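Below is one structure, written out as structure tokens; comments come after it.
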Amino acid sequence: MVDLMRLDRAASIDDLRAMAKRRVPRFAFDLVDGGAESERNMRRNVEAFEEVELTPRYMVDVSQIDTCAMLFGQTYDQPFGAAPIGMLNAFWPNADLILARMCKRENIPYVASSAASTTLERLAEAADGNGWFQLYVSSDTSVTESLISRAEKAGYDVLLVTADVPAAGKRDRDIRNQLSVPFRFTPDVLLQLIANPTWSLASLRHGKPNIANYADLLKGATSYADVQKTLITPGFTWDDLKRLRERWKGHLLVKGVLHPDDALRCADIGCDAIVVSNHGGRQVAFGPPTIEALPPIAAAVRDRMKIILDSGIRRGADLIRAKALGADFAFAGRALAYGVGAGGAQGADRAFAILKLELVRALGQLGTRSFGDVGSSHLTTR
Ligand SMILES: Cc1cc2nc3c(=O)[nH]c(=O)nc-3n(C[C@H](O)[C@H](O)[C@H](O)COP(=O)(O)O)c2cc1C
């Protein structure tokens, strides 16, 4: 049962995170909440946003505020979408479909992960025109080709290839929790299931989550290494990106760009956009927060391609900060996931509503009627 009164009292994404932490067993909560090694990069993503100051401007009529953003020929109602998240149904049953449907209803993009717990076909149907597909390049080229042709058949037009996984990130919490694929019920996990009956009952109803797009291929997998080899490859190079560009007729995006020279190479290859992302701090602890990586990248490629940013978005004002520093659009990863963990579909709605309210209020305080008008002039100068 979802306590709607409690959800209504959640004022921020942090409040939803705290609620999710109480409802989701620790091993599943950590799977989403955790980052690489010391988690420094994950923390810095959020802190660095807070450090970007914007100067309010008043006495402008802001009774009507327009938050729309145009991307790849489509107008979205908000300047953010849902980032691709693998295995999210382990965090909360049916989470993938909850988010895909919410994105359709609110007219924002939903990015279906290669590693989602729901097939790309079902997610395309649920997102109904608002779905984009995220591709992990496999060490087996026939696996990659099969995903691409399925994505084409399912009607996706936007393909994001994720570049920042030459190896899986080392996430200390997952190691301590002995998280494994295929999933194993250790005595510790069983105790956590007993302590979180709402989650356990809902999970029983929906069945054990798996990595749905690869379900057949992974049937024989007996170790995490097997799974990793099927999903990703350390051998993905710029030449492969060039081949992908030739292969995919729709819009092609590279996710996980942190260096201006890499951004320039993506532009040279003819990509339509890059996603400045560090995978939410899940790959390395030593990297830069994305909001700090953004300005030199924007200076290098802003005139040539669209720039999307993710990693660390927790407030509506973060969307404005990203735009002021050169991004056109953003993705929220954990921010929306925490909502689902806090209260299923209603929790996802609450997370969306919080970000939207914060965005509109912040635009009003900045004396800006349209998100499209946000630029460097909004940054505080000293
Ligand atoms: C649990 C989890 C699973 C993820 N799975 C994927 C994935 O399958 N593919 C991908 O490109 N990015 C994946 N990401 C990264 C997100 O797409 C996004 O870059 C990140 O969540 C943004 O940071 P934020 O959570 O601070 O907003 C995942 C992130 C999390 C938290």
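As a basis for the values below, the full set of heavy atoms in this structure was taken, side chains included, without hydrogen atoms, waters or symmetry mates. Being a predicted model, the structure only gives us computed values, none of them experimental. Numbering of ligands and ligand atoms starts at 1, following listing order.
- Taking the side chain as every heavy atom from C-beta outward, F236 and V161 approach each other to under 4.5 Å.
- Remark: minimum distance from atom 19 (O) of ligand 1 to any protein heavy atom is reached at D310 OD2, 2.8 Å.
- Given atom 11 (O) of ligand 1, the protein heavy atom at minimum distance is T162 OG1, 2.8 Å.
- Of all protein heavy atoms, the one lying nearest to atom 5 (N) of ligand 1 is G86 N, 2.9 Å.
- Distances from atom 28 (C) of ligand 1 to the heavy atoms of P84, G34, A332 show the closest one on P84.
- Across the listed options M42, R282, Q283, M87, R282 owns the non-hydrogen atom lying nearest to atom 1 (C) of ligand 1.
- Residue contacts with ligand 1 for K255 involve side-chain atoms from C-beta outward but no N, CA, C or O (heavy atoms, distance under 4.0 Å).
- A side-chain donor-acceptor contact under 3.5 Å links Y338 and D33.
- When heavy-atom distances to ligand 1 are checked against a 4.0 Å cut-off, Y136 comes that close only through its side chain, counted from C-beta outward.
- Cation-pi check for R23 over W92 is met; the charged atom lies under 6.0 angstrom from the ring centroid and within 45 degrees of its normal.
- Looking at N213 and R150, their side chains do bring a donor and an acceptor atom within 3.5 Å of each other.
- If you number the atoms of ligand 1 from 1 as listed, the ones under 4.0 Å from a heavy atom of A83 come out as 16 (C), 17 (O), 18 (C).
- The protein heavy-atom contact nearest to atom 8 (O) of ligand 1 is S113 OG, 2.7 Å.
- Of the heavy atoms in H279, both backbone and side-chain atoms come closer than 4.0 Å to ligand 1.
- The nearest heavy-atom contact from the protein to atom 25 (O) of ligand 1 is R334 N, 2.8 Å.
- Electrostatic pairing of E39 and R173 counts as a salt bridge here, judged by a charged N lying under 4.0 Å from a carboxylate O.
- Residues Q178 and T186 bring no donor and acceptor atom of their side chains to less than 3.5 Å of each other.
- Residues S12 and D14 bring no donor and acceptor atom of their side chains to less than 3.5 Å of each other.
- Scanning G280, G169, G35 for the heavy atom closest to atom 20 (C) of ligand 1 points to G280.
- The protein heavy atom nearest to atom 26 (O) of ligand 1 is G312 N, 2.9 Å.
- Under a 4.0 angstrom heavy-atom cut-off, L31 registers as being in contact with ligand 1.
- Considering all non-hydrogen atoms of both residues, A330 and L319 come closest at CB-CD2, 3.6 Å.
- For S277, every heavy-atom contact with ligand 1 shorter than 4.0 Å involves the side chain, none the backbone.
- Ranking protein heavy atoms by distance to atom 27 (O) of ligand 1, first place goes to G333 N, 3.0 Å.
- Within the 4.5 Å cutoff, no side-chain heavy atoms of F49 are placed close to those of R314.
- Outside the 6.0 Å centre-distance limit, the rings of Y110 and F331 are not counted as a close aromatic pair.
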Stepwise side-chain contact (heavy atoms from CB on, under 4.5 Å) test for V158 and F133: CA-CA 6 Å; V158 181; F133 182 63; over 6 Å; no
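- Only the side chain of R314 comes within 4.0 Å of ligand 1, counting heavy atoms alone; its backbone N, CA, C and O stay farther away.
- The V32 neighbourhood of ligand 1 comprises atoms 1 (C), 31 (C), with distances under 4.0 Å to a heavy atom of that residue.
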